[in-house]
Participant: 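I have a structure I would like to understand better, so I am pasting it below and will then ask my questions one at a time.
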Amino acid sequence: MSNLTEEFPSISSNDLKQYLREMLFIRRFEEQCNIAYRAGLAGGYMHTYIGMEALASGWINSIRKGYDYVITAYRDHAHALLLGTDAVAVMAEIIGRKGGTAGGKGGSMHIYDPENGFYGGWGIVGGHVPLGAGLAYAARYRNEDRVVLNFMGDGAANQGVVYETLNMASLYDLPCIFIVENNEFAMGTRLEYHAADPELWKRGQPYNMKCERVDGMDVIQMRKDAQRIIDWVRENQKPYWVEVMTYRYAGHGAADNDRQLYRTKEEEEVAWARDPIARLRKYLIENNIMSEEAIEAVEAETEAEALAVLEKAKESPFPDTDEVYDNIYTDMTPEKGH
Amino acid sequence: MSNLTEEFPSISSNDLKQYLREMLFIRRFEEQCNIAYRAGLAGGYMHTYIGMEALASGWINSIRKGYDYVITAYRDHAHALLLGTDAVAVMAEIIGRKGGTAGGKGGSMHIYDPENGFYGGWGIVGGHVPLGAGLAYAARYRNEDRVVLNFMGDGAANQGVVYETLNMASLYDLPCIFIVENNEFAMGTRLEYHAADPELWKRGQPYNMKCERVDGMDVIQMRKDAQRIIDWVRENQKPYWVEVMTYRYAGHGAADNDRQLYRTKEEEEVAWARDPIARLRKYLIENNIMSEEAIEAVEAETEAEALAVLEKAKESPFPDTDEVYDNIYTDMTPEKGH
Amino acid sequence: MPNMIELSYREALQKGIVEEMERDQNVFLMGEDIGRYQGTFKVTRGLVEKFGQRDNRYNLRILDTPITEAGFAGIATGAAMAGLRPIVEFMTMSFSILALDQIINHTAKIHYMTNGVVKCPIVFRGPGGAAKQLSAQHSHSMEGWYAHVPGLKVLAPSTPADVYGMMKSAVRDDNPVILYENPGLYAIKGMVPEDDAAFTVPIGKAAILREGKDISLVGYSRMTQINLEVAELLAKDGIDAEVVDVRSLLPLDTETIYASVKKTHRAVVVYEDWRSGGFGAEIAARIGEDCFDDLDAPVLRVGGLNVPMPYARNLELQCIPDADDVLAAVRKAF
Amino acid sequence: MPNMIELSYREALQKGIVEEMERDQNVFLMGEDIGRYQGTFKVTRGLVEKFGQRDNRYNLRILDTPITEAGFAGIATGAAMAGLRPIVEFMTMSFSILALDQIINHTAKIHYMTNGVVKCPIVFRGPGGAAKQLSAQHSHSMEGWYAHVPGLKVLAPSTPADVYGMMKSAVRDDNPVILYENPGLYAIKGMVPEDDAAFTVPIGKAAILREGKDISLVGYSRMTQINLEVAELLAKDGIDAEVVDVRSLLPLDTETIYASVKKTHRAVVVYEDWRSGGFGAEIAARIGEDCFDDLDAPVLRVGGLNVPMPYARNLELQCIPDADDVLAAVRKAF
Ligand SMILES: Cc1ncc(C[n+]2csc(CCOP(=O)(O)OP(=O)(O)O)c2C)c(N)n1
Ligand SMILES: Cc1ncc(C[n+]2csc(CCOP(=O)(O)OP(=O)(O)O)c2C)c(N)n1
Ligand SMILES: [Mg+2]
Ligand SMILES: [Mg+2]
């Protein structure tokens, strides 16, 4: 541990403990999401972040929370939780209740919490990427020093609008970090089958932009890389393109129940050896930061918390039927009736 | 000259004479287009290729005409003429007559001649680029050895759909050559103002694809580069991304009459020193391939031909009003009337 | 009479695709996750094994594409220009919004802009409308916009036999065709010809699925199933409803629709898309224009609520027209 | 009464933009060639000199963009989410097809999907419909599709004063607004308040531009100008036409439209978009539905021919509705 604090003084032992707790909570929370889905409480498309927790944790723990902007696609629970969104509100949204972050109107794919800097939660693959650049435009316009974390998937990184956005982000010096969560799959399609060159870090190169590939399975390394990149972008007011290597242990979404269509059990086992939570756990024990028992206690606590969150969310009622016309406009309702 | 034939035996003196004649004819033809536009015979958007003739000439004289496929945007007269489309039919289209390549329904931007391998003639910036890859897909599907010349502008090279297409062209081994006609302007916007990195040849690199920048103002060099690339693509059945440097002497289109909004007179003069026709002319004289007088004769002939073309095109009647419903479907008309 | 077999809408659709692929080597499929993953709504289940190899990097006849709707719609269109006959699946029709420029500005106009020289035989298909809690970005009905565009044909079959026969007609058509499905239809069952590969259902013909004399219920796609249900309910009240299944939105068979209205003197037009500005408005406007003297009541419409689709199931169900909504409109017509 | 000044539609539009940019620092413009090149239709002439520097690499308040409609519509939307108030010019509305996914799936839904927390105050504007011989890919009318989408407001003013006042209302509105212009309107002249920066024209109100008792001519954008012409011609025949300028398609002021029809008992709806499936169908369907008992004749429609726009001028003119086409419809109504 002494190594780490020397090399990177801004990460304290307490920080590491916090990351473990957060990552454990996210995983337990999403296990409850799956339970809710199987119980018919959640519907539609629901995508968990299991295996990818270190990625969002490293990045989001490196920004000025509530000041910097964060935006992502539909695999969005972790980002919200890490930003400090009330877990019960997130769960209530996932099960479509009035107490949800969007009053039950959005569901798992559309969590928002602008007060904490979280701008969603978007379902069209690649579609939110220009929005993220637009948030950066607003920061630039107002001469603030905010940065934007603009997350997308490896599959999303093929969408044309991404490259339109990279060009403009670079032309206009936007403080926007494009983060490809490369979890090796776009739904049922492997990286090699959807990307002509699987080294996605190269995709930003033609736009006069810094580019690199980093590891997203080691939260400490992720945290260091994230801090370095964020500091650079804040300082230099220019965009950055980062490919982060990770893995999606779960199926694409809760409805994907035949992973053998696109990968083997053996492959999954190999990937599990990189589990970011197990890795941090090991690090903490080996470096005498936490004992096995202390960790087990946190595990038990987060598990109980996640369970309580689902129970609490279930207490929230369904939206009232007359809310269906609300908040479509700020100042009027659309014409009513069938 | 001996150098050239030794180095590149497939270009004969007669070929060079042909290129000169073609380039001169294209230029004179387009001067007639401008006259027709100012006279109110042509309308809408009309874009000339003046200054860029060597580019299309070098490429199109390197393919198997009528077998390989060619597709481009709205700046399309030269491509059609080089492929052997009847000049009167092209001019008749430009002035909206029944005898036009599209019966007067398309105009300058939409010249087609599939029999000669020309698939248009498209008006949405960047929009035809996937179509060109689709032509290549058909060739690949049928196991033919056709290649596709897929031309686009530097401005078009920012459109997202281009990058979606590059990725797929590389994934599926499509024999498609993406040719960026970099004439330094997208309408009134300079290259440096619309492309974050003006070295557009880099844009294909992230897609596991050969990429390069070549000169399009020297028809001999263009012809050599084109042949080399075409041969490689035909042989290897893979896509290729080429940036070709050129310049647009004219305004963006016939309606653009204030070029000072985006460039100086001095800049234009410097660019005129690179005029591809003057360059080839000089080469032919210096290498004793044609005399000054012989060239002047060709100049006079092509001028007269172009004039005759416009006169002949004017003889073609306007489309009949009842044609308005024709050829929208192969087997029916849309519902008629207002 | 051919032998008949009971199939789901999904199976019938696949049967149509497979028969056309077997008949014509130029027919191929492309879309996201249609091959190895078997298709999100499983319409293409088993096809990569049948027409390709799971382990190939790609299969030209069953082409798995990246998530680039505009790009692959354009590639398919280019291939069609050169004589192939692509069938393009959109995972949902909502995603076809990203390909609209390709379809509207390119595919639909090629034949016209080449003055009839180039044909563009291509089918775009996929589920439109609400599935179940897919919320605001994934629940669009797109058929009305497509049916507005000259150069396209637009089909919205409501039964297994129709989707089977119309899929086959669409593939054989030399024009671009949109085959508009609905997630709520895939599981419904019906009788389909078993071994009559020549069977097709014509494009441009509406069908009377139930004769009646008191009111015409005019709809398409899943709403036709609702209309059939409503007709049974109305029968109990002594109202004899005729169910007109539009099936083909472009071209629109106004002859059949008008004949029904001229008989019943009353019409309700039912569609799932947002009520305001949906294609039902066109159908209603035409009836109003051309059957004015035959009408005993205004042409009423039942459409989806004019709101982005909410996630919560109770709100979602509220938005999609159901039998009660149609019944309420019918009551207004008397 | 404010001082009035005669301005062209183009000048009035620019006046509205400039006043709002001066009033609110958060208002900025973006689009292709709007700055240095002064705008293709010259609506933004002089603005880069006023709000920026010609030689800057870019100007944050007058932003020249690359030709990437989807990308910049999205960037503008993101900026609006964070509190700026962008005005986005599409060089023509035809090109907005490339940005539809951004506008429909993102811009229009943000307020809803955040359950009212995030506002998205943004204006998309540009010319729609035919200019002169721009042919099939450059002549689209897009207003009907936008007016179909909950979450958007859609305006189509027909006079200089209205475009001035509605532009200002659009910028001040906290919702996304589409301001739909028409190339044929830019040069028309009219009186506009000269120095009343507080002047606005409300969103959601139709205007009666000419009172009449015999028939209602209902239209918007350039077609209103045609309707005024037709009304004068009809007056000579002793027919007293009322000209209803819809102005706002979403929200639609059915109250004013219905009141007119209830008075005249006859209506012709006129729009430039393809007749079949255009927004005129919605207007006609509503009148048919809600004014049934007041109608002495069917609600007739006059729309553009259902064909891709041809290049040849004679064919093009044939496609766009003109006074004769409207007159023919009026005659059918009597
Ligand atoms: C435009 C669009 N096309 C298709 C889909 C359906 N879809 C949802 S997620 C997904 C896979 C995306 O993969 P990736 O970007 O790698 O993100 P991941 O799910 O791995 O986080 C697809 C195809 C969609 N939502 N939007
Ligand atoms: C999608 C789209 N946006 C805008 C336009 C208007 N437009 C026509 S040509 C052009 C400039 C294109 O420049 P470039 O691609 O460099 O080609 P060049 O004209 O130089 O040959 C623009 C903006 C269009 N036709 N299509
Ligand atoms: Mg992925
Ligand atoms: Mg250019």
Side-chain angles (χ1 to χ4, degrees), chain B residues 69 71 93 100-106 109-110 112-115 119-124 126-142 146 148 150 159-169 171-174 319 323 325-335, chain C residues 25-26 28 30 57-58 60-61 63-84 86 98-99 101-102 104-122 149-153 173-176 203-204 250-252 254 286:
Chain B
Y69 297 132
I71 190 166
E93 189 58 42
T101 43
K105 287 176 170 180
M109 299 196 286
H110 304 302
Y112 297 85
D113 184 3
E115 248 172 62
Y119 281 82
W122 296 89
I124 299 298
H128 69 280
V129 174
L131 305 188
L135 295 170
Y137 192 83
R140 176 101 184 67
Y141 190 93
R142 297 197 190 103
R146 295 185 217 245
V148 178
N150 200 339
Q159 284 283 26
V161 75
V162 172
Y163 301 96
E164 301 183 359
T165 303
L166 293 191
N167 186 41
M168 284 187 273
L171 273 174
Y172 309 141
D173 303 322
L174 304 184
E323 285 175 41
Y325 295 109
D326 290 353
N327 294 320
I328 295 166
Y329 296 96
T330 60
D331 56 357
M332 59 177 241
T333 58
E335 241 158 347
Chain C
Q25 284 292 320
N26 285 323
F28 72 100
M30 66 194 291
R57 199 147 56 83
Y58 53 88
L60 290 170
R61 293 200 79 194
L63 192 73
D64 276 323
T65 67
I67 310 167
T68 45
E69 286 78 5
F72 69 71
I75 288 178
T77 299
M81 287 169 72
L84 299 188
L98 286 90
D101 173 63
Q102 285 300 318
I104 293 173
N105 259 331
H106 298 84
T107 323
K109 296 189 163 50
I110 287 167
H111 192 63
Y112 184 76
M113 294 208 304
T114 61
N115 208 23
V117 175
V118 179
K119 289 175 185 159
C120 195
I122 186 170
V149 179
L152 300 179
K153 299 185 180 180
D173 202 288
D174 275 339
N175 302 282
I203 291 174
L250 178 61
L252 185 66
T254 45
R286 289 205 201 186

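Lettering of chains follows the sequences in order, A, B, ..., and the numbering in each one begins at 1.
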Participant: Output the option from B:A139, B:G127, B:A138 having the highest count of non-hydrogen pairs under 4.5 Å with chain C.
Facilitator: B:G127

Participant: So does B:Y172 get a backbone contact from the side chain of C:R57, meaning a donor-acceptor N/O pair under 3.5 Å?
Facilitator: no

Participant: Just so I know, are the side chains of B:E164 and C:E69 near enough to count as touching, which here means a heavy-atom distance under 4.5 Å?
Facilitator: no

Participant: Are B:Y137 and C:F72 close enough, and set up right, to give a ring pair (Phe, Tyr, Trp, His ring centres under 6.0 Å), and what steps lead you there?
Facilitator: CA-CA 11 Å; B:Y137 192 83; C:F72 69 71; over 10 Å; no

Participant: Under a 4.5 Å cutoff for heavy-atom pairs, which residue among B:H128, B:H110, B:M168, B:R140 has the most contacts with chain C?
Facilitator: B:M168

Participant: For chain C, find which of B:G120, B:G134, B:P334, B:A133 contributes the most heavy-atom pairs closer than 4.5 angstrom.
Facilitator: B:G134

Participant: Select one option (side chain, backbone, both, neither) describing which atoms of C:L250 are under 4.5 Å from chain B's heavy atoms.
Facilitator: side chain

Participant: Answer whether the closest heavy-atom distance between the side chains of C:I110 and B:W122 falls below 4.5 Å.
Facilitator: yes

Participant: Please classify the contact between B:D326 and chain C as side chain, backbone, both or neither, with a heavy-atom cut-off of under 4.5 Å.
Facilitator: backbone

Participant: What part of C:T254 gets within 4.5 angstrom of chain B, counting heavy atoms only: side chain, backbone, both, or neither?
Facilitator: side chain

Participant: Assess whether a salt bridge exists between B:D331 and C:K119, defined as any Lys/Arg side-chain N lying under 4.0 Å from an Asp/Glu carboxylate O.
Facilitator: no

Participant: At a 4.5 Å cut-off on heavy atoms, which part of B:Y163 comes close to chain C: side chain, backbone, both, or neither?
Facilitator: neither

Participant: Hey, are the side chains of C:K109 and B:I328 touching, using non-hydrogen atoms and a 4.5 Å cut-off?
Facilitator: no

Participant: Going from OG1 on C:T114 to CG on B:D113, what distance comes out if it is rounded to the nearest 0.5 angstrom?
Facilitator: 11.0 Å

Participant: Suppose we call two aromatic rings close when their centres sit under 6.0 Å apart. Are B:Y325 and C:Y112 close by that rule?
Facilitator: no

Participant: Report yes if some heavy atom in the side chain of C:L84 is under 4.5 Å from a heavy atom in the side chain of B:Y141; otherwise report no.
Facilitator: yes

Participant: Are B:P130 and C:T77 packed together at the side-chain level, in the sense that at least one heavy-atom pair is separated by less than 4.5 angstrom?
Facilitator: no

Participant: Side chains of C:T68 and B:N167: closer than 4.5 Å at any heavy-atom pair?
Facilitator: no

Participant: Do you know which two heavy atoms are closest between C:V118 and B:P114, and how far apart they sit?
Facilitator: CG2-CG, 3.3 Å

Participant: Is B:D173 in contact with chain C via its backbone, its side chain, both, or neither, using a 4.5 Å heavy-atom distance?
Facilitator: both

Participant: Find the distance between CE (B:M332) and CD1 (C:I203) and round it off to the nearest 0.5 Å.
Facilitator: 9.0 Å

Participant: Using 0.5 Å steps for rounding, measure from the CG atom of C:D173 to the OG1 atom of B:T330.
Facilitator: 6.0 Å

Participant: Which one wins on heavy-atom pair count under 4.5 Å against chain B: C:N175, C:L252, C:N105?
Facilitator: C:N175

Participant: C:I67 versus chain B, heavy atoms under 4.5 Å apart: side chain, backbone, both or neither?
Facilitator: neither

Participant: Below 4.5 Å from any heavy atom of chain B, which atoms of C:D174 appear? Answer side chain, backbone, both or neither.
Facilitator: both

Participant: For B:L131 and C:G74, work out which heavy atoms get closest and say how close.
Facilitator: CD2-O, 3.3 Å

Participant: Examine whether an atom of B:E335 lies under 4.5 Å from a heavy atom of chain C, and if so say whether it belongs to the side chain, the backbone or both; otherwise answer neither.
Facilitator: side chain

Participant: Only pairs of heavy atoms separated by less than 4.5 Å count here; which of C:G78, C:G71, C:P121 has the most with chain B?
Facilitator: C:G78

Participant: Quick check for you: to the nearest 0.5 Å, what is the distance between B:Y329 atom OH and C:L152 atom CG?
Facilitator: 6.0 Å

